[in-house]
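Read the structure below first, then the notes.
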Amino acid sequence: MNYIWDLIIKAEQSGIEKQHIRFVPAKVYSPYMELSNELINTRVIEQKVEINPYYRFYDIFRDLFDANNNDDIELRDTLFDIIIHFLADIDLIQGMNKREYYIKFVLRDIERGLLGNSVREKIRRFNREEREVLAHNILRLYETGEALYLFRDTMRKIVKSCIIYANCEEKDELLIYIGQEENETTQAKLELIQEIFLPVRFHTEIYWKNHFGIIGVAETMRMDNIALY
């Protein structure tokens, strides 16, 4: 990591909110790097981050930290943190395309409860990458209306071990094998995906760790590990 935008992205991926990061001007720094980490190749996100403000933003900070000026140091440090956060937000926005803006708008609407309180509560179980997958497919749902395909696509990307079987000969039914022990987090994710994407006419049967038996498929016909259909 060498740029403030890189740090912010890594922090969000690690579950650290950007407002919990404080930027301070580095006392000792390399003229060839923006972040002044003690360990140059570190991947650890610290809450206090030292910055070389002259690496990219000399015109902004050249008069703010004059070595001969010892007045209002606390005020200048606070102002520095606010400005760096603002510049980091600009960095992130400049790297976004139109689609990514739409994804952020969808996630904002979900957090505001526009898709219902149930969706707003359950999406908190999703990590950042999973939320973007969900929002991306919601946009595709508005564009294409392919609800069933997007249900399967979302399930496979978020619950990677799952297998989905369609039984549409006699009734509209999906058999969903999760491939892991039942838990509250995965249950909430499954309910949310069903609520958004699954057509009302479809009935689902959920199988967690044990697969239902399929004649001729040895992996599904193990004694004491067969779920009944």
Side-chain angles (χ1 to χ4, degrees), residues 9-17 43 99-100 102-229:
I9 290 174
K10 293 290 193 305
E12 290 182 348
Q13 290 174 345
S14 302
I16 301 173
E17 299 291 340
R43 292 290 177 179
R99 192 75 176 182
E100 289 171 321
Y102 288 159
I103 286 173
K104 285 191 175 292
F105 293 153
V106 169
L107 292 174
R108 183 187 63 187
D109 288 346
I110 291 174
E111 290 169 359
R112 290 178 175 177
L114 297 184
L115 272 68
N117 291 330
S118 174
V119 173
R120 181 178 61 183
E121 292 300 320
K122 289 171 183 172
I123 201 172
R124 296 173 183 173
R125 305 269 190 166
F126 291 67
N127 61 34
R128 180 176 177 271
E129 181 180 349
E130 292 170 341
R131 291 184 184 194
E132 290 184 354
V133 168
L134 187 71
H136 176 69
N137 277 354
I138 289 174
L139 289 174
R140 293 174 66 190
L141 180 62
Y142 289 143
E143 294 167 350
T144 68
E146 294 289 341
L148 186 57
Y149 169 80
L150 291 170
F151 170 76
R152 297 176 65 179
D153 183 71
T154 306
M155 283 293 300
R156 287 171 177 171
K157 289 178 178 176
I158 292 178
V159 187
K160 294 181 170 52
S161 59
C162 82
I163 303 173
I164 300 176
Y165 301 89
N167 178 19
C168 299
E169 292 183 1
E170 299 178 356
K171 53 186 175 180
D172 292 327
E173 182 180 52
L174 296 180
L175 309 179
I176 304 173
Y177 171 63
I178 302 299
Q180 57 183 273
E181 294 284 355
E182 183 174 0
N183 60 77
E184 290 185 5
T185 297
T186 306
Q187 179 67 44
K189 291 179 180 180
L190 175 59
E191 290 174 358
L192 176 68
I193 295 169
Q194 286 180 298
E195 187 172 347
I196 292 177
F197 297 105
L198 190 65
V200 176
R201 71 180 187 276
F202 275 87
H203 170 72
T204 61
E205 290 288 343
I206 309 300
Y207 299 86
W208 290 89
K209 187 176 180 180
N210 294 332
H211 200 291
F212 54 88
I214 301 177
I215 298 175
V217 181
E219 290 79 4
T220 68
M221 300 294 286
R222 296 174 180 172
M223 294 295 296
D224 299 325
N225 288 285
I226 302 175
L228 298 178
Y229 169 59

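Within the 4.5 Å cutoff, the side chain of F197 has heavy atoms near those of the I138 side chain. In this structure, I158 and I193 have side chains that are in contact, with non-hydrogen atoms separated by less than 4.5 Å. Residues W208 and T186 meet the side-chain proximity criterion, which asks for heavy atoms closer than 4.5 Å. L134 is listed as a side-chain neighbour of I196, based on a closest heavy-atom distance under 4.5 Å.
Atom CG of D172 sits about 5.0 Å away from atom CZ of R201, to the nearest 0.5 Å. In this structure, CZ in F151 is found 9.5 Å from CZ in F202, a value given to the nearest 0.5 Å. Between the CD1 atom in I123 and the CD1 atom in I110 there is a gap of 4.0 Å [rounded to 0.5 Å]. Here I163 contributes atom CD1 and I178 contributes atom CD1; the two are 10.0 Å apart, rounded to the nearest 0.5 Å. Atoms OH and OH, on Y165 and Y207 in that order, are 11.0 Å from each other to the nearest 0.5 Å. Here the CD-CD distance, from E191 to E184, works out to 10.0 Å after rounding to the nearest 0.5 Å.
Residues satisfying the side-chain contact (heavy atoms from CB on, under 4.5 Å) test with E195, not counting sequence neighbours, are S118, V119, K122. Here I9 pairs with W5, Q13, L92 under the side-chain contact (heavy atoms from CB on, under 4.5 Å) rule; sequence neighbours left out. Checked against side-chain contact (heavy atoms from CB on, under 4.5 Å), T204 has the following partners two or more places apart in sequence or in another chain: L174, I176, Q194, L198, I206. Partners of E181 under the side-chain contact (heavy atoms from CB on, under 4.5 Å) rule, at least two apart in sequence or in another chain, are K209.
Comment: E100 does not engage K104 in a salt bridge, judged by the lack of any side-chain N to carboxylate O separation of less than 4.0 angstrom. By the 4.0 Å N-to-carboxylate-O rule, E130 lies too far from K157 to be salt-bridged with it.
No more than 12 heavy atoms of other residues, nucleotides or ligands lie within 6.0 Å of CD in E129, so this atom counts as exposed by the packing criterion.
Screening residues 133-143 for salt bridge (charged side-chain N to carboxylate O under 4.0 Å, His left out), with sequence neighbours left out, gives R99-E143, R140-D153. Applying the salt bridge (charged side-chain N to carboxylate O under 4.0 Å, His left out) definition to pairs two or more places apart or across chains, those involving residues 108-120 are E111-R131.
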Could you please spell out the steps behind the side-chain contact (heavy atoms from CB on, under 4.5 Å) verdict for L139 and V106?
CA-CA 8 Å; L139 289 174; V106 169; 3.6 Å; yes
Would you sort out whether L190 and M155 count as a side-chain contact (heavy atoms from CB on, under 4.5 Å), showing the intermediate values?
CA-CA 8 Å; L190 175 59; M155 283 293 300; 3.6 Å; yes
